[in-house]
> 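Below you'll find the structure I mean.
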There are 2 protein chains.
Amino acid sequence: MAGIEDVARLAGVSTATVSRALSGRGHVSPASKAKVLEAAARLGYVVSSNASSLASGRTRNVGVVIPFLNRWFFSSVLEGAQQALLRHGYDLTLYNLSGDGAERASVFEHFLLRQRVDAVIAVSLELTESEVTRLHDLGKPLVGVGGPIPGVRTLTIDDIAVARLATEHLIGLGHRRIAHIGGDLEFDLDFHLPTNRRLGYESALRDAGIEPEPKYFAPADFTVAGGYHAAKQLLGSPRDRPTAIFAASDEMALGTILAARDLGMSVPRDVSVVGIDDHDLADFFGLTTVAQFPRVQGEQAVETLMEQLEPGSDASEPASISLPYELRVRSSTARPEV
Amino acid sequence: MAGIEDVARLAGVSTATVSRALSGRGHVSPASKAKVLEAAARLGYVVSSNASSLASGRTRNVGVVIPFLNRWFFSSVLEGAQQALLRHGYDLTLYNLSGDGAERASVFEHFLLRQRVDAVIAVSLELTESEVTRLHDLGKPLVGVGGPIPGVRTLTIDDIAVARLATEHLIGLGHRRIAHIGGDLEFDLDFHLPTNRRLGYESALRDAGIEPEPKYFAPADFTVAGGYHAAKQLLGSPRDRPTAIFAASDEMALGTILAARDLGMSVPRDVSVVGIDDHDLADFFGLTTVAQFPRVQGEQAVETLMEQLEPGSDASEPASISLPYELRVRSSTARPEV
DNA sequence: CTGAAAGCGCTAACAA
DNA sequence: TTGTTAGCGCTTTCAG
């Protein structure tokens, strides 16, 4: 392992110059810089991140705290964040916390605070005020994805608007009996996402002069199986059966499609289905959905951090971050039968 | 930020004793240890991992290199690894390499080698000999998951045996015309997994006196959509249609079930379907499958590393690692109709 | 623009 | 069992 001194010697300059040339901080003459670069390449020199971090206080590493790895939304956010960080020359340290108290506290105390990260991205995780304060006091930028953290910059789609859009799509097609499969209340830890989506749904209905009815709401757990069972419930009754179902996630929407099939109903002829996400499988099932772009959310979280971590490097300050979403009409929605 | 000196002062001992008490290396009297622990707690002291790493050469961090984040197998391995590492007090730094050459080389050079990790777990990634050598020379243990890396300890299920098991299940039910949906050749980078599974399938057939026929093989890309199309191909022809399909992954098996339905066939009455994985959705679809346990694979990879990283801590040396798998019979397989 | 040198905070000989 | 102390490899003032 070549060290900075070896490079300095080979390049005929001091270690300080090597450091400056390689890190880009401070001025170095083009001539010296070239010599340093060449020497470093020749020796296969790579800085020791530990020594560098210890001396500079920067680690070029960010921690990502995330509750699930095996769900589409979360793995996509992670992917986006990872890629963006790599581009900036940062490492990503992963903390997969299943919301569980003890493990989580320990992670905060013994990992995040070990000066291992320059910043933290918290995905769909409600941090306690003391956790936020602690990070803040340490001067570690923190950005949230997927839900508001008090006093912290957070990226979330406008769940109310997204739900409105999905519902209005159905209303526009002529549906009046529109059911909703949403999260159960205890799922609301995810930043009231279920509640917000339900609010969007209800307000869209009211705006169209339709009074939301309790019998047209079924709770589920955001899985395919959950959506399936909820949909069976909704579609099972022969009278006043809804002609359309808006599910709060694509996975539940897929469950709905499968339930309809199993009940001998045809989608969209007998029932229209719309979801939220644009999950990998949505296209395959012809599911109409409101796409959100979790990869982009991950990337944006990184960019937001970078502005704080490396000010001036790329001064495009998106003061208020509005995340994109988009209705994707496929074959699971149509006008209701007359 | 309290430093080690603060703790030492408060506890009335030297910094060396604090270090020893907190890290567990070297002997410390119970009395001193108690004092140190209390002082550290009082001050909210957390070691600086950089300083510690620099001085000791250990980072308590392992790098996980993985090609996908959004596929069941990979996210499960990652989850298992993360959890096991956390338990050992290690961090996990994630490198999500999409196999792409340039990005990958850069990661190896500038990230993994920056002394940031004590060891590397490579998931389904064929490392070049020079990459392996480089890590080896640096004294970084390396363990593979999901495919053999030359000269490296690797955890993989016995793909041939797994495929045999699945096929034999069908044969045992009385099927003779058994088709296989496997990976296309170019997918073979995944360590010949598709090839091995096909070999297992073929040898099981031969053992039962059935000659494998090319028309009963269809390649696909391990996705639901891919399996769907392959299955339509296989099930489309009216004569000599297979009575059973063995898909090399659950996702393709699910596609097969959906294809059968769309062709108006009933599973398992008209066609039996078996997969490999025990994907989250397998249970929901009643898919018979050979379960593998990727979480466990991730955990085992970590344990294997720990033996090398912290010798003596837990001396259960599993010399040859055989990974578990298990046939899960559900409702997608049955005797063929007579 | 460059070099000398003082640390960054901790660990590990070594000595006691 | 404990303390003293010399670094770990780099960054960054501070002079020049």
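What's counted below: heavy atoms across the whole structure, side chains too, no hydrogens, waters or symmetry copies. The sequence lines fix the lettering, A, B, ..., with proteins before strands; numbering per chain opens at 1.
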> What is the nucleic acid contact for Arg20(A), judged by heavy atoms within less than 4.0 Å: base, sugar-phosphate only, or nothing?
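Base, at least one base heavy atom under 4.0 Å.
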> In whole angstroms, how far is the P atom of dT2(D) from the CG atom of Leu22(B)?
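Checked: the CG to P distance equals 14 Å.
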> Judged by each residue's nearest nucleotide on DNA chain C, which is more toward the 5′ side, Thr15(A) or Ser32(A)?
Ser32(A)
> Just the rounded figure in Å: distance from C1' of dG7(D) to CD1 of Ile4(B).
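Computing the Ile4(B):CD1 to dG7(D):C1' distance gives 15 Å.
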> Decide whether Thr59(A) and Asp118(A) meet the rule of one side-chain donor and one side-chain acceptor closer than 3.5 Å.
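Looking only at side-chain atoms, Asp118(A) and Thr59(A) do form a donor-acceptor pair, the distance falling under 3.5 Å.
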> Nearest whole Å is fine: how far is dC14(D) P from His27(A) NE2?
18 Å
> Tell me if a side-chain donor or acceptor on Ser53(B) pairs with a main-chain N or O of Arg58(B) at a distance below 3.5 Å.
yes
> For DNA chain C, which nucleotides open and close the run of contacts to chain A, 5' to 3', at under 4.0 angstrom from a non-hydrogen atom?
dC1(C) to dG9(C)
> Taking any heavy-atom pair under 4.0 Å as a contact, classify Ser23(A): base, sugar-phosphate, or nothing.
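Answer is nothing: Ser23(A) stays at 4.0 Å or more from every strand.
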> Please check this pair: side chain of Thr133(A) against backbone of Glu129(A), looking for a donor-acceptor N/O pair closer than 3.5 Å.
yes
> Does OP1 or OP2 of dG3(D) have a side-chain N or O of Thr17(B) closer than 4.0 Å?
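Yes.
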> For a quick test of reading the model, state the closest non-hydrogen atom pair linking Gly146(B) to Ser124(B) and the distance between them.
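Residues Gly146(B) and Ser124(B), closest heavy atoms: O-OG, 3.8 Å.
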> Classify the nucleic acid contact of Arg58(B) as base, sugar-phosphate or nothing, counting any heavy atom under 4.0 Å across all strands shown.
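If one applies the 4.0 Å heavy-atom cut-off, Arg58(B) turns out to touch the sugar-phosphate alone, with no base involved.
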> Between dG9(D) atom P and Arg114(B) atom CZ, what is the distance in whole Å?
17 Å
> Check the pair Asp91(B) / Leu85(B) against side chain to side chain contact (heavy atoms under 4.5 Å, CB included), numbers first and verdict last.
CA-CA 6 Å; Asp91(B) 280 339; Leu85(B) 285 170; over 6 Å; no
> Decide salt bridge (charged side-chain N to carboxylate O under 4.0 Å, His left out) for Arg9(B) and Asp6(B); before the verdict, give the C-alpha distance in whole Å, the side-chain angles of both, and the deciding distance to 0.1 Å.
CA-CA 5 Å; Arg9(B) 209 173 305 125; Asp6(B) 303 302; 3.5 Å; yes
> Touch check for Val13(A), heavy atoms < 4.0 angstrom, all strands: base, sugar-phosphate only, or nothing?
sugar-phosphate
> Does Ser14(B) put a side-chain nitrogen or oxygen below 4.0 Å from OP1 or OP2 of dG3(D)?
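Looking at the OP1 and OP2 atoms of dG3(D), one of them is under 4.0 Å from a side-chain N or O of Ser14(B).
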> Is the positively charged end of Arg295(A) above the ring of Phe293(A), judged by distance under 6.0 angstrom from the centroid and angle within 45° of the axis?
no
> Quick one: Asn50(B) CG to dG9(D) C1', roughly how many Å, whole number?
12 Å
> Return the minimal non-hydrogen interatomic distance between Glu5(B) and Thr15(B), and the atom names on each side.
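Closest pair (atom of Glu5(B), atom of Thr15(B), distance): CG-CG2, 3.9 Å.
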> So if I take the C1' atoms of five pairs at each end of the helix from dC1(C)-dG16(D) to dA16(C)-dT1(D) and get each local axis, what angle do the two axes make, rounded to 10 degrees?
30°
> By nearest nucleotide on DNA chain D, pick out whichever of Ala16(B) and Leu54(B) is the more 5' one.
Ala16(B)
> Taking atom P of dT13(D) as reference, at what distance in whole Å does atom CZ of Arg25(A) sit?
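Roughly 10 Å, once rounded to whole Å.
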> For Asp158(A) and Tyr325(A), test the side chains for any donor-to-acceptor distance below 3.5 angstrom and give the result as yes or no.
no
